[in-house]
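What follows is a single structure, written as structure tokens, with notes after it.
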Amino acid sequence: MTEPHRSGFACFVGRPNAGKSTLTNALVGTKIAITSSKPQTTRHAIRGIVHRPDAQLVIIDTPGLHRPRTLLGQRLNDLVHETWSEVDVVGFCVPADEKVGPGDRFIAEELKKIARRTPVLGIVTKTDLVKPEQVAEQLLALQQVMDFAELVPVSAVDGFQVTTLSDLLVARLPEGPQLYPGGELTDEPEQTLVAELIREASLEGVRDELPHSIAVTVEEMLPREGRDDLIDVHALLYVERPSQKGIILGHRGERLKEVGATARRHIERLLGSKVYLDLHVKVAKDWQRDPKQLRRLGF
């Protein structure tokens with residue numbers, strides 16, 4: 001008897017910077033979610049597709065759950081709640097190198113409301129950063145927080161137990177056919193991914209006050225006329241104040257040039273083509289608090 005094919009949805013939840021995006025990328029086997037050392041990098045529920053002979057697992061990487069201070073923050077939290085109410089299994093991520101804190105307990109309380117109908121796995125991430133005994137301590141600490149269907153330590157960086165985690169998630173999916181064609185790794189529109197890659201490049205190396213103030217829109221993405229080996233990408237990078245524009249541009253525009261070069265490399269890898277990236281910085285005053293501007297920027 002062959003095993004039945006399973007297919008369904010899983011999502012990772014956790015505090016900002018708990019390693020959810022890196023884990024999503026490790027399971028999918030390629031970069032589909034942007035990662036950054038800055039918390040709250042993820043702003044969309046990005047879907048990554050894991051293809052296996054016995055299953056198709058669709059992982060939804062969600063923004064970090066936090067106490068919101070802006071309208072954007074509130075909308076991101078709503079997105080998380082919406083996502084986990086619709087999946088087959090939830091992975092609650094807690095990093096091995098940080099104590100289980102009030103933020104984790106807050107999320108656990110929220111998860112208890114769905115745990116009766118949706119299995120919740122406790123995942124200790126970033127095990128490569130600590131000694132084995134610290135991983136054991138963290139697993140024990142996590143056990144006190146809620147009753148998990150499974151507890152598993154993983155490292156997306158060195159691949160430790162990533163396959164085991166995949167098996168545990170798949171085991172909780174319903175039987176069913178493939179949901180997406182074989183080669184697809186994400187159902188995100190390419191323009192969304194390109195905008196995210198530009199935002200990722202712009203987040204690196206900026207001062208801490210900036211990460212949440214940056215938004216990116218791709219205005220146009222077209223093959224260059226008369227050439228099939230070049231794609232023109234025209235994008236706008238939004239900040240909230242003129243002083244932030246100065247930080248992004250850098251001395252004589254040097255910083256923006258660096259951002260453009262880094263983003264272009266990643267975009268070329270994503271699209272499999274040479275890219276001309278035209279990038280401009282605009283000020284959209286206090287966009288995180290303005291419903292009209294949030295809508296225009298895609299939130």
Kindly write out the residues that satisfy side-chain hydrogen bond (donor to acceptor under 3.5 Å, both in side chains) with [X], not counting sequence neighbours, or none if the list is empty.
X	answer
Lys245	none
Glu258	none
Lys112	Glu109
His280	Asp278

Donor-acceptor pair, [X] side chain versus [Y] backbone, under 3.5 Å?
X	Y	result
Ser7	Pro177	yes
Glu268	Val275	yes
Asn25	Thr22	no
His51	Gln56	no
Glu254	His251	no

| Residues sharing Leu140's hydrophobic cluster, by side-chain heavy-atom contacts under 4.5 Å among ILVMFWY, directly or via others? |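 ILVMFWY cluster around Leu140 holds nothing else.
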| ILVMFWY cluster membership beyond Tyr276 - transitive side-chain contacts under 4.5 angstrom |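 Leu230, which link up through side-chain heavy atoms under 4.5 Å apart, make up the rest of the cluster.
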State, to 0.1 Å, how close [X] and [Y] come at their nearest heavy-atom pair, and which atoms those are.
X	Y	result
Val50	Ser166	CG1-OG, 4.5 Å
Val130	Ala96	CG2-CB, 3.7 Å
Leu111	Met146	CB-SD, 4.1 Å

Just wondering, do [Y] and [X] contact through their side chains at under 4.5 Å, heavy atoms?
X	Y	value
Gln161	Pro153	yes
Leu27	Val162	yes
Gln138	Val100	yes
Ile248	Ile214	yes
Val216	Val194	no
Thr127	Val154	no
Leu121	Leu165	yes
Phe12	Thr125	no

| Going by an N to O cut-off under 4.0 Å, is there a salt bridge joining Asp232 and Arg224? |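 Salt bridge flag = yes for Arg224 with Asp232.
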Mind jotting down which residue pairs meet the salt bridge (Lys or Arg N to Asp or Glu O under 4.0 Å) criterion with at least one end in [range]? Sequence neighbours excluded, please.
range	value
residues 166-180	Arg52-Asp167, Glu150-Arg172
residues 122-144	none
residues 152-163	none

| field | side-chain contact (heavy atoms from CB on, under 4.5 Å) partner of Leu173, chosen from Val87, Val89, Val58 | value |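 Only match with Leu173 under side-chain contact (heavy atoms from CB on, under 4.5 Å): Val89.
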Which value, rounded to the nearest 0.5 Å, describes the distance between [X] atom [atom1] and [Y] atom [atom2]?
X	Y	atom1	atom2	answer
Asp147	Arg116	CG	CZ	12.5 Å
Lys257	Leu249	NZ	CG	11.0 Å
Ile198	Thr262	CD1	OG1	11.5 Å
Ile123	Leu23	CD1	CG	6.0 Å
Leu57	Phe9	CG	CZ	10.0 Å
Leu139	Phe148	CG	CZ	10.0 Å

| Atom CG of Asp229: over 12 foreign heavy atoms under 6.0 Å |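 Enclosed: over 12 neighbouring heavy atoms sit under 6.0 Å from CG of Asp229.
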| task | Not counting sequence neighbours, which residues clear side-chain contact (heavy atoms from CB on, under 4.5 Å) with Arg269? List them please. | result |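 Expected list: His266.
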| task | Return the set of residues passing side-chain contact (heavy atoms from CB on, under 4.5 Å) with Lys282 (not counting sequence neighbours), or none when no residue passes. | result |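 side-chain contact (heavy atoms from CB on, under 4.5 Å) list for Lys282, sorted by chain: Leu236, Tyr238.
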| Any pair counted as side chain to side chain donor-acceptor pair (under 3.5 Å), so long as it reaches residues 88-101, sequence neighbours left out |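 Listed once each, the pairs are Arg15-Glu98.
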